[in-house]
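Got a structure here, written out as structure tokens. Questions coming.
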Amino acid sequence: MLKKLLDHRLIFLTSGIKRSVIIPSDFDLCTQMKLLNDKKKFKEALELFDKYKENNNKTLSSYTITQALKASARIRDLQRGSTIHQFISSDMKDNSYILVSLIHLYMQCSEVTRAQSLFDTASEKSLHTYGAMMKGYIKNHMTNKAIDLFKEIKNPDEVIIIILCNAGAQLGTNEALSLIKKVSSQMPKHFYSNLRLLTSLLDVLMQCGDVKHAQALFDTSTTKILSMYGAMMKGYIKNNMATKAIDLFKEIKDPDEIVINLLFTACAELGTSEALNLTKIVSSQMPKHFYSNLRLLTSLLDALIQCGNVTHAEALFNRSIKKISPLYGVMMKGYNTNNMANKSIDLFNEIENPDDVNFIMLFNACAQLGTHEALNLIKKVLSQIPKHFYSNFHLLTSQLDALIKCGDFSTAEILLSKMKKSVISYGNLMSGYLKTDNPEKVLDLFDRMKNDNIEPDFIIYLCLIKALSHIGDYSLSQLTVQQIPNSFLLNDRIQNTLIDMWVSSN
DNA sequence: ATAGGGTTAG
């Protein structure tokens with residue numbers, strides 16, 4: 001695009017002063033906005049845009065509007081983006097650059113319907129338009145829609161295939177894997193020399209569990225860029241092969257922040273003393289400014305804690321000038337796993353804007369204590385949780401767990417009735433009733449589960465048999481056990497628990 | 001204009 005602009009400028013420079021007063025000012029605006037956007041200074045780019053609009057009544061070029069839309073999309077400023085949309089002249093609305101930018105804007109702001117209607121009414125649909133729609137669907141977790149759209153495309157280019165790989169990686173299913181394999185075998189061979197495409201391909205193969213295929217592809221590539229190592233390491237971690245991820249890391253000459261981050265994740269996964277040594281060596285050898293990357297620091301602390309060195313993690317945490325919620329979260333997790341729930345709670349009280357994970361960690365700490373004070377804290381915190389966190393299933397589950405562990409079954413029951421029903425939450429409440437010697441409640445919950453059409457799992461049946469064992473009613477036991485599928489009756493632990501039950505009811 | 005690999009969670 002810059003080349004096009006430069007061409008414009010050359011024309012205007014040679015065509016007299018009069019034009020150079022009007023046009024180059026918009027040109028300058030556009031170049032400056034692009035520079036700011038490239039530096040991720042989106043707000044500044046938009047301020048410049050506003051200032052220019054105030055002082056000039058002239059129509060803006062499509063290049064400038066594209067930059068303004070891009071900045072609005074990146075900061076997810078729907079209000080501003082819509083205003084610009086209204087401001088666009090009708091003949092410019094057919095411009096394909098503007099169309100793509102508008103779709104991108106609405107998709108980034110989760111306004112899928114508005115993006116869809118722009119797409120549907122567009123007179124011409126370019127590959128870029130399809131690409132923006134597909135990317136938007138992925139962003140809004142409507143992955144299958146992205147794949148459906150892909151199937152409409154006759155000659156996908158490299159970018160479209162990259163986006164398709166992203167969709168496949170998000171799904172991680174066998175269906176996604178076979179689609180990717182089919183598409184990659186049919187695409188022009190020279191696409192394989194596009195290393196960004198190759199990275200996405202490695203990523204999707206790994207996320208769908210085809211480690212061997214990814215390895216073969218990685219090994220045959222003569223040129224290997226860092227992102228390819230990153231995709232492989234991420235894939236090994238995902239497929240529980242952390243050691244392989246570490247081995248691959250050792251082959252990298254100049255690791256960047258991303259692959260080091262992946263290394264720390266792998267080390268955290270292993271949690272061995274070798275992993276601890278490696279974490280210490282790499283963190284001491286990496287450039288000092290990496291420590292101010294808070295995402296990287298979070299992984300580093302996690303690795304140290306999981307490998308058992310809480311003291312070192314604490315020291316680094318205290319040394320960090322800037323502290324973000326995830327950094328508190330990882331420390332709280334560390335205290336929780338080391339049975340230091342009180343320290344975890346103290347840390348929570350220092351957080352200015354707790355995120356969802358912070359709340360989860362607090363609930364875990366309260367569950368660990370199981371005291372009356374802990375219950376009071378849970379109730380105090382409940383009123384502080386922002387409403388949008390209530391869609392986070394993890395948060396509700398750990399909240400339920402904390403209430404049960406602190407013995408507040410009535411509040412737990414209310415929460416369960418409001419939650420999306422699941423085996424996990426039922427199992428949690430059942431084992432709570434079992435521990436507090438309420439076997440009748442366990443049977444009651446089992447019936448409610450059946451009414452909710454939830455498929456019981458191993459844990460549920462185990463709780464059920466133990467509850468029957470507590471009650472000790474032979475005919476009730478016989479009647480209930482008939483409902484357990486044979487596949488579960490073959491399990492050793494189920495069989496042992498059953499034996500205990502028959503003994504106690506005779 | 002749409003394009004790659006990264007943190008904490010039941």
Side-chain angles (χ1 to χ4, degrees), chain A residues 1 34 37 62-63 65-67 69-70 73 95-105 107-108 126-136 138-139 157-166 169 194-204 206-207 225-235 237 245 255-266 268 293-303 305-306 324-334 336 355-364 367 392-402 422-425 427-428:
Chain A
M1 189 189 85
K34 187 174 170 10
N37 276 344
S62 59
Y63 302 120
I65 292 174
T66 298
Q67 292 302 323
L69 288 172
K70 185 179 184 170
N95 179 308
S96 77
Y97 286 78
I98 298 276
L99 177 67
V100 169
S101 305
L102 282 171
I103 289 174
H104 182 58
L105 166 84
M107 282 298 202
Q108 290 302 305
S126 65
L127 279 183
H128 298 106
T129 324
Y130 277 96
M133 282 300 289
M134 286 174 67
K135 183 187 166 177
I138 296 169
K139 153 102 192 160
D157 65 0
E158 291 153 84
V159 179
I160 295 289
I161 292 179
I162 288 174
I163 301 173
L164 178 74
C165 289
N166 298 160
N194 180 333
L195 298 181
R196 285 173 83 171
L197 193 150
L198 206 50
T199 302
S200 301
L201 208 50
L202 293 175
D203 183 41
V204 66
M206 279 296 210
Q207 296 305 310
I225 53 173
L226 267 181
S227 67
M228 287 164 64
Y229 283 94
M232 290 300 288
M233 287 179 68
K234 177 190 162 195
I237 295 166
D256 66 358
E257 288 154 283
I258 298 181
V259 289
I260 292 180
N261 195 324
L262 286 162
L263 174 80
F264 293 154
T265 310
N293 178 334
L294 296 179
R295 227 165 137 176
L296 184 65
L297 190 60
T298 305
S299 304
L300 172 57
L301 296 191
D302 189 39
I305 289 165
Q306 296 305 310
I324 49 169
S325 308
L327 208 57
Y328 281 100
V330 78
M331 281 308 292
M332 288 179 74
K333 175 192 166 190
N336 287 346
D355 63 15
D356 41 1
V357 182
N358 294 142
F359 283 109
I360 291 171
M361 292 302 153
L362 178 77
F363 292 137
N364 292 354
N392 186 328
F393 187 66
H394 288 262
L395 190 140
L396 297 176
T397 309
S398 58
Q399 184 184 320
L400 183 76
D401 181 53
S422 78
V423 210
I424 297 153
S425 37
N428 205 337

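A, B, ... follow the sequence lines: proteins, then strands. Residue 1 opens every chain.
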Using atom CD of Q306(A) as one end and atom C1' of dT7(B) as the other, report the distance to the nearest whole Å.
13 Å
What does L226(A) touch in the nucleic acid at a heavy-atom separation under 4.0 angstrom: a base, only the sugar-phosphate, or nothing?
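Counting heavy atoms under 4.0 Å across all strands, the contact made by L226(A) includes a base.
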Identify whether any heavy atom of N428(A) sits under 4.0 Å from a base atom; if not, whether one sits that close to sugar-phosphate; answer base, sugar-phosphate or nothing.
nothing
Please determine whether a side-chain nitrogen or oxygen atom of N166(A) lies at a distance below 4.0 Å from atom OP1 or OP2 of dA3(B).
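Checking dA3(B) against N166(A), no side-chain N or O comes under 4.0 Å of OP1 or OP2.
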Between D256(A) and V259(A), is there a donor-acceptor pair closer than 3.5 Å when you use the side chain of the first and the backbone of the second?
yes
Could you tell me whether N293(A) contacts a base, only the sugar-phosphate backbone, or nothing, with contacts defined as non-hydrogen atoms closer than 4.0 Å?
base
side-chain N/O K135(A) vs dT2(B) OP1/OP2, d < 4.0 Å:
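No, because none of the side-chain N or O atoms of K135(A) sits under 4.0 Å from OP1 or OP2 of dT2(B).
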What's the CG-P distance between L296(A) and dG5(B), to the nearest Å?
17 Å
Taking N and O atoms by type only, does the side chain of T298(A) place a donor or acceptor under 3.5 Å from a partner on the base of dT7(B)?
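Indeed there is one.
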Heavy atoms from C-beta onward define the side chain here; which of dT8(B), dG6(B), dA3(B) lies closest to that of E257(A)?
dG6(B)
Under 4.0 Å, counting only non-hydrogen atoms across every strand here, what does S96(A) touch: a base, just sugar-phosphate, or nothing?
base
Got a donor-acceptor contact below 3.5 angstrom from the D401(A) side chain to the N428(A) backbone?
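Side chain of D401(A) to backbone of N428(A), a donor-acceptor pair under 3.5 Å: no, none is there.
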Nucleotide dT7(B), atom C1' - distance to OH of Y328(A) in whole Å
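Atom OH in Y328(A) sits about 16 Å away from atom C1' in dT7(B).
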In whole angstrom, give the distance that lies between atom CZ of F363(A) and atom C1' of dA9(B).
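Taking CZ of F363(A) and C1' of dA9(B), I get 13 Å after rounding.
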Reckon L262(A) touches a base, only the sugar-phosphate, or nothing at all at heavy-atom distances under 4.0 Å?
sugar-phosphate
Just call it for M361(A): base, sugar-phosphate, or nothing, with non-hydrogen atoms closer than 4.0 Å on any strand.
sugar-phosphate
Across the strands shown, which category fits I225(A) at heavy-atom distances under 4.0 angstrom: base, sugar-phosphate, nothing?
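Contact class for I225(A): base.
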Are the side chain of S126(A) and the backbone N or O of T129(A) linked by a donor-acceptor pair below 3.5 Å?
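Looks like yes, one N/O pair under 3.5 Å.
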Side chain of D256(A) only, please: which of dA9(B), dG5(B), dA1(B) is the nearest?
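So the nucleotide nearest the side chain must be dG5(B).
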Would you find a donor on one side and an acceptor on the other, under 3.5 Å apart, between the side chain of D203(A) and the backbone of C165(A)?
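Such a contact is absent between D203(A) side chain and C165(A) backbone.
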CA sep, side-chain torsions, deciding dist, call: S200(A), N166(A), side chain to side chain contact (heavy atoms under 4.5 Å, CB included):
CA-CA 7 Å; S200(A) 301; N166(A) 298 160; 4.1 Å; yes
Checking N364(A) against N336(A): is there a side-chain donor and acceptor pair closer than 3.5 Å?
no
Measure from CG on L396(A) to P on dA9(B) and round the result to the nearest Å.
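L396(A) atom CG is separated from dA9(B) atom P by 18 Å.
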Whole-Å distance between dT7(B) C1' and I360(A) CD1?
14 Å
To the nearest angstrom, the CD1-C1' distance between I237(A) and dT7(B) comes to 11 Å
Can a side chain N or O of Q207(A) be found less than 4.0 Å away from OP1 or OP2 on dG5(B)?
no
Rounded to the Å, how far apart are L294(A) CG and dG6(B) P?
18 Å
Per P326(A) side chain, nearest of listed nucleotides dT8(B), dA9(B), dA1(B)
dT8(B)
Nucleotide nearest R196(A) when distance is taken to its side chain, options dT7(B), dA3(B), dG5(B):
dA3(B)
Give one of base, sugar-phosphate or nothing for D401(A), where a contact means two heavy atoms less than 4.0 Å apart.
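The residue D401(A) makes no contact with any strand.
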Checking contacts here: which listed nucleotide (dA3(B), dA9(B), dT7(B)) is nearest the side-chain heavy atoms of S299(A)?
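Out of dA3(B), dA9(B), dT7(B), the nucleotide with an atom closest to S299(A)'s side chain is dT7(B).
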